Amino acid sequence: MDLGTKPGRRKDFFNVSYAANHLIMKKILITGGAGFIGSHVVRLFVKKYPNHKIFNLDKLTYAGNLENLKDIEKYNNYRFIKGDVVDESFIFDLFLKEKFDTVIHLAAESHVDRSISMPTEFVYSNILGTVNLLNASRAVWQNDFTGKLFYHISTDEVFGSLGKDGYFTETTPYDPRSPYSASKASSDHFVRAYHNTYLMPVVISNCSNNYGPNQFPEKLIPLCINNIINKKPLPVYGKGKNIRDWLYVEDHAKAIDIISLMGKPGETYNVGGLNEWKNIDLIRLLCHIMDRKLERPAGDSASLITFVKDRAGHDKRYAIDASKIQKELGWKPEHKFEEGLEKTVDWYISNQQWLRNVTSGDYLKYYEQQYEKR
Ligand code: NAD
Ligand code: DAU
């Protein structure tokens with residue numbers, strides 16, 4: 001396919017006003033929409049934009065679960081497409097057929113521990129997958145970028161690891177230290193290169209650790225909740241002194257909505273909760289909440305804490321300076337951490353079947369039942 005070599009007419013995304021953004025029918029592609037963050041983004045967009053068509057493209061890896069979207073799967077403005085962003089010809093055919101206006105790209109391998117044991121998967125999905133989407137967008141938009149946007153969802157891990165002080169800002173140099181963060185940094189570089197070289201309207205946001213309902217129980221918070229419910233050990237890497245900045249997933253989804261509407265092409269926005277926790281302190285707080293919710297004696301859950309071998313190359317501290325998105329786009333987190341954590345615990349306790357399905361693998365049958373036998 002000829003992608004052309006001349007940079008085309010640059011029309012600012014802002015030519016389409018905020019009000020018109022709601023009224024003109026747009027085709028919005030969200031990749032990775034069956035995953036943790038993606039499912040919250042899909043739900044927000046489907047409900048908020050009845051005039052737009054929301055497409056959810058997902059390969060349904062172990063982390064993709066259509067049960068996350070049961071409540072909105074029958075909406076007229078929603079369509080699920082099963083597919084792999086690494087499959088170039090499939091992606092080109094899809095883009096030529098649907099001619100999306102906006103691409104919000106979340107599909108990725110997302111777990112650091114998995115990237116340490118199988119780095120190549122991360123190169124395919126996270127780097128090659130992103131380049132395929134960029135090429136397909138370019139081929140379809142044909143250098144007329146009016147009302148078009150390619151939005152890449154990235155991570156704060158591209159900035160590396162902080163010492164005791166300081167924060168990641170949008171100008172912090174990239175210093176990825178795990179195969180996962182190296183793959184995300186690489187895909188960010190490609191997205192920026194397409195803006196610089198072809199004038200494609202792109203935005204990137206780099207977010208801190210998310211938590212909330214529907215997160216696969218390989219990540220710290222849902223893993224601990226699941227293990228406490230089942231009275232299994234809570235594995236704390238090293239001494240539990242590493243620090244993460246936690247943000248409730250619905251606050252991230254709202255930031256993604258605002259950035260997709262008002263983010264300036266070529267810009268990057270850091271998104272974070274201004275909410276740093278040492279892992280061991282967070283786990284102790286979680287144990288305290290779980291004892292109360294499960295009506296177990298105080299200290300019952302904390303007795304499960306087990307210090308284990310540290311993660312290889314474990315980044316010490318992440319902390320986001322989110323002042324740019326606050327000042328320029330008016331976003332700030334709505335959930336206080338203790339409130340968000342209570343909501344999260346309540347969700348997992350009331351959705352233990354969801355937890356059993358994802359840990360047993362039964363959720364993989366959902367796609368078959370809902371989509372393949374139609
Ligand atoms: P997740 O692992 O829960 O979901 C990823 C989704 O992508 C899954 O539904 C999976 O099936 C899909 N997917 C994976 N490879 C694919 C491929 N080749 N083709 C099509 N679909 C594919 O991840 P998440 O935690 O929801 O993260 C979503 C995005 O946000 C990722 O890009 C991640 O890097 C980024 N991010 C995550 C966090 C966090 O704390 N979870 C923080 C900042 C940024
Ligand atoms: O910062 C954003 C990133 O946050 C996202 O880009 C990633 O997709 C997401 O997975 C997350 O990465 P982390 O490595 O920070 O998340 P995880 O939940 O795996 O680990 C959080 C911290 O808890 C980290 O310091 C490692 C530690 N940990 C994790 C697990 C799974 C443990 O001590 N024990 C565990 O069992």
Side-chain angles (χ1 to χ4, degrees), residues 30-42 56-66 68-69 81-87 90-91 104-116 121-122 124-126 128-130 132-133 152-159 161 168 176 178 180-181 183-184 187-188 205-212 214-224 227 233-247 249 252-253 256 270-272 277-280 282-283 305-311 314-320 358 367:
I30 298 172
T31 70
F36 166 48
I37 303 171
S39 60
H40 289 273
V41 176
V42 167
N56 169 13
L57 168 66
D58 200 296
K59 182 181 173 183
L60 300 183
T61 66
Y62 78 95
N65 182 355
L66 287 175
N68 295 348
L69 291 166
I81 302 161
K82 185 170 191 258
D84 187 344
V85 293
V86 179
D87 184 342
F90 164 78
I91 292 295
I104 303 180
H105 177 36
L106 294 105
E109 289 292 338
S110 69
H111 192 39
V112 174
D113 292 327
R114 284 182 194 255
S115 83
I116 293 167
E121 278 304 307
F122 287 66
Y124 287 126
S125 285
N126 300 4
L128 195 54
T130 304
N132 282 340
L133 294 171
H152 187 225
I153 309 301
S154 190
T155 169
D156 60 358
E157 300 199 11
V158 297
F159 299 120
S161 180
F168 296 135
S178 74
Y180 163 69
S181 54
S183 70
K184 292 296 287 187
S187 54
D188 284 358
S205 55
N206 296 84
C207 189
S208 63
N209 285 62
N210 285 216
Y211 70 99
N214 303 104
Q215 188 170 29
F216 196 83
E218 63 185 353
K219 309 278 167 67
L220 182 67
I221 290 180
L223 181 136
C224 287
N227 285 12
L234 309 179
V236 180
Y237 296 164
K239 294 189 170 141
K241 288 193 172 158
N242 302 62
I243 293 170
R244 297 292 182 263
D245 170 2
W246 295 92
L247 178 70
V249 63
H252 188 192
I256 290 173
N270 278 4
V271 182
W277 283 81
K278 222 179 254 176
N279 291 340
I280 188 66
L282 188 160
I283 293 168
I305 291 174
T306 311
F307 291 92
V308 298
K309 188 168 173 268
D310 209 353
R311 173 184 278 173
H314 197 170
D315 288 341
K316 177 88 187 110
R317 173 174 166 253
Y318 305 144
I320 281 277
V358 296
Y367 173 77

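Remember, it's a predicted structure, so these values are computed and weren't measured experimentally. As the structure lists them, so they are numbered: ligands from 1, and atoms in each ligand from 1.
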Notebook entry, point to check: Measuring from the heavy atoms of I153, does anything fall under 4.0 Å of ligand 1?
Noted result: yes
Notebook entry, point to check: Ignoring hydrogens and geometry, is there a side-chain-to-backbone donor-acceptor pair from N68 to S39 under 3.5 Å?
Noted result: no
Next item on the list: List every atom of ligand 2 that sits less than 4.0 Å from any heavy atom of V112, numbering the atoms from 1 in the order shown and giving each element.
Entry: 14 (O)
Check: Going by the atom numbers of ligand 2, which of them fall below 4.0 Å from some non-hydrogen atom of N279?
Finding: 22 (C), 23 (O), 24 (C), 25 (O), 27 (C)
Next item on the list: State, without any angle test, whether S125 and K59 hold a side-chain donor-acceptor pair at a distance under 3.5 Å.
Entry: no
Next item on the list: Would you mind checking which non-hydrogen protein atom is closest to atom 29 (C) of ligand 2, with the distance to 0.1 Å?
Entry: Y237 CE1, 3.5 Å
Check: Given that the side chain starts at C-beta and the backbone is N, CA, C, O, which of these parts of D156 lies under 4.0 Å from ligand 2, counting heavy atoms, or is it both or neither?
Finding: side chain
Next item on the list: Would you confirm whether D315, through its side chain, and S161, through its main-chain N or O, come within 3.5 Å as a donor-acceptor pair?
Entry: no
Note to self: Looking only at distances, can you tell me whether any N or O atom of Y62, backbone or side chain, sits closer than 3.5 Å to an N or O atom of ligand 1?
What the structure shows: no
Checklist line | Closest approach of any protein heavy atom to atom 19 (O) of ligand 2, naming residue and atom | finding: R311 NH2, 2.9 Å
Note to self: What protein heavy atom lies closest to atom 41 (N) of ligand 1? Include the residue and the distance to one decimal.
What the structure shows: I37 CD1, 3.7 Å
Item checked: For atom 12 (O) of ligand 2, the protein heavy atom that lies nearest, with its residue and separation -> E157 OE2, 2.8 Å
Margin query: I'd like to check which ligand 2 atoms, numbered from 1 as shown, lie under 4.0 Å from a non-hydrogen atom of H111.
Written below: 19 (O)
Item checked: atom 31 (C) of ligand 2: the protein heavy-atom neighbour that sits closest, reported with distance to 0.1 Å -> E218 O, 3.3 Å
Note to self: Can you name the atoms of ligand 1, numbered from 1 with element, that are less than 4.0 Å from a heavy atom of K184?
What the structure shows: 31 (C), 32 (O), 33 (C), 34 (O)
Notebook entry, point to check: Does some side-chain heavy atom of R244 sit less than 4.5 Å from a side-chain heavy atom of R317?
Noted result: no
Checklist line | N227 (side chain) donor-acceptor with L234 (main chain) under 3.5 angstrom | finding: no
Check: What residue and heavy atom of the protein are closest to atom 10 (C) of ligand 1, and at what distance?
Finding: T61 OG1, 3.2 Å
Check: Can you tell me which residue and heavy atom of the protein come closest to atom 29 (C) of ligand 1, and the distance to 0.1 Å?
Finding: L106 O, 3.2 Å
Check: Taking N or O atoms only and a 3.5 Å limit, does N210 qualify as a polar contact for ligand 1?
Finding: yes
Checklist line | No-hydrogen, no-angle side-chain donor-acceptor test under 3.5 Å, D188 and S154 | finding: yes
Item checked: Numbered atoms of ligand 2 (with element) below 4.0 Å of Y180, judged on heavy atoms -> 5 (C), 6 (O), 7 (C), 8 (O)
Note to self: For a side-chain hydrogen bond (donor to acceptor under 3.5 Å, both in side chains) check, start with the C-alpha distance between N206 and D156, then their side-chain angles and the critical distance, and finish with the verdict.
What the structure shows: CA-CA 5 Å; N206 296 84; D156 60 358; over 6 Å; no
Notebook entry, point to check: In terms of residue, atom name and distance, what is the protein heavy atom nearest to atom 14 (C) of ligand 1?
Noted result: A108 O, 3.5 Å
Notebook entry, point to check: What class does the angle between the rings of Y211 and W246 fall in, given that below 30° is parallel, 30 to 60° is tilted and above 60° is perpendicular?
Noted result: perpendicular
Next item on the list: Any atoms of ligand 1 less than 4.0 Å from a non-hydrogen atom of D84? List them with their elements.
Entry: 17 (C), 18 (N), 19 (N)
Item checked: Value rounded to 0.5 Å, distance of NZ in K184 from OG1 in T155 -> 7.5 Å
Note to self: So if I count the atoms of ligand 1 from 1 in the order they appear, which ones are less than 4.0 Å from some heavy atom of K59?
What the structure shows: 16 (C), 17 (C), 18 (N), 19 (N), 20 (C), 21 (N), 22 (C)
Margin query: Students should be able to answer this: which protein heavy-atom is nearest to atom 34 (O) of ligand 1, and at what distance?
Written below: Y180 OH, 2.6 Å
Check: Does ligand 1 have a heavy atom under 4.0 Å from the side chain of H252, from its backbone, from both, or from neither?
Finding: neither
Checklist line | Contact check, K184 vs ligand 2, heavy-atom distance below 4.0 Å | finding: no
Item checked: Residue selection (non-hydrogen contact nearest atom 7 (O) of ligand 1) among G35, G38, S39, A107 -> A107
Checklist line | G64: numbered ligand 1 atoms lying under 4.0 Å from its heavy atoms | finding: 8 (C), 9 (O), 11 (O)
Next item on the list: Classify the contact between L60 and ligand 1 as side chain, backbone, both or neither, using a heavy-atom distance cut-off of under 4.0 Å.
Entry: backbone
Next item on the list: Pick one of side chain, backbone, both or neither for how S181 approaches ligand 2, counting any non-hydrogen atom pair under 4.0 Å.
Entry: neither
Item checked: Straight-line distance of L106 CG to H252 NE2, nearest 0.5 Å -> 7.0 Å
Note to self: Using a 4.0 Å cut-off to any heavy atom of V236, which atoms of ligand 2 qualify?
What the structure shows: 33 (O)
Next item on the list: Looking only at protein heavy atoms, identify the closest one to atom 25 (O) of ligand 2 and say how far it is in Å.
Entry: H314 NE2, 2.7 Å
Notebook entry, point to check: Salt-bridged, E121 to R114, with N to O below 4.0 Å?
Noted result: no
Checklist line | Per-atom contacts of ligand 1 with N209, taking only distances under 4.0 Å to non-hydrogen atoms | finding: 40 (O)
Check: Closest non-hydrogen protein atom to atom 23 (O) of ligand 1, residue and atom name please, with distance?
Finding: S110 OG, 3.2 Å
Item checked: N209, portion touching ligand 2 at heavy-atom distance under 4.0 Å -> both
Checklist line | Protein contact of atom 43 (C) of ligand 1 - nearest heavy atom, named by residue and atom, plus distance | finding: C207 O, 3.4 Å
Notebook entry, point to check: Should the proximity of K219 to ligand 2, defined as any heavy atom under 4.0 Å, be assigned to the side chain, the backbone, both, or neither?
Noted result: both
Notebook entry, point to check: Which residue supplies the protein heavy atom nearest to atom 34 (N) of ligand 2, what is that atom called, and how far is it?
Noted result: P235 O, 2.7 Å
Notebook entry, point to check: So, the side chain of D58 versus the backbone of G83: is there a donor-acceptor pair under 3.5 Å, distance only?
Noted result: no
Next item on the list: Would you check if there is a donor-acceptor pair between the side chains of E157 and Y180 at a distance under 3.5 Å?
Entry: no
Next item on the list: Flag the pair F216 / Y62 as yes when their ring centroid distance falls below 6.0 Å, and as no otherwise.
Entry: yes
Note to self: Just to confirm my output: which protein heavy-atom neighbour is closest to atom 7 (C) of ligand 2, and how far is it?
What the structure shows: S110 O, 3.4 Å
Next item on the list: Output the list of atoms in ligand 1 that are nearer than 4.0 Å to some heavy atom of S154, sorted by atom number.
Entry: 43 (C), 44 (C)
Next item on the list: Considering heavy atoms of the protein only, find what lies nearest to atom 42 (C) of ligand 1 and give residue, atom and distance to 0.1 Å.
Entry: S208 O, 3.3 Å
Check: Looking only at distance, does D58 have an N or O less than 3.5 Å from an N or O of ligand 1?
Finding: yes
Item checked: NZ (K316) with more than 12 external heavy atoms under 6.0 Å -> yes
Margin query: Among all protein heavy atoms in this structure, tell me which lies nearest to atom 21 (C) of ligand 2, with the distance rounded to 0.1 Å.
Written below: L220 CB, 3.9 Å
Next item on the list: Pull out every atom of ligand 2 sitting under 4.0 Å from any heavy atom of T155, numbered as shown with elements.
Entry: 1 (O), 2 (C), 3 (C), 5 (C), 6 (O)
Margin query: Please check whether E109 reaches ligand 1 - meaning an N/O of the residue sits under 3.5 Å from an N/O of the ligand, judged on distance alone.
Written below: no
Notebook entry, point to check: In terms of atom number and element, which parts of ligand 1 are under 4.0 angstrom from non-hydrogen atoms of G83?
Noted result: 19 (N), 20 (C)
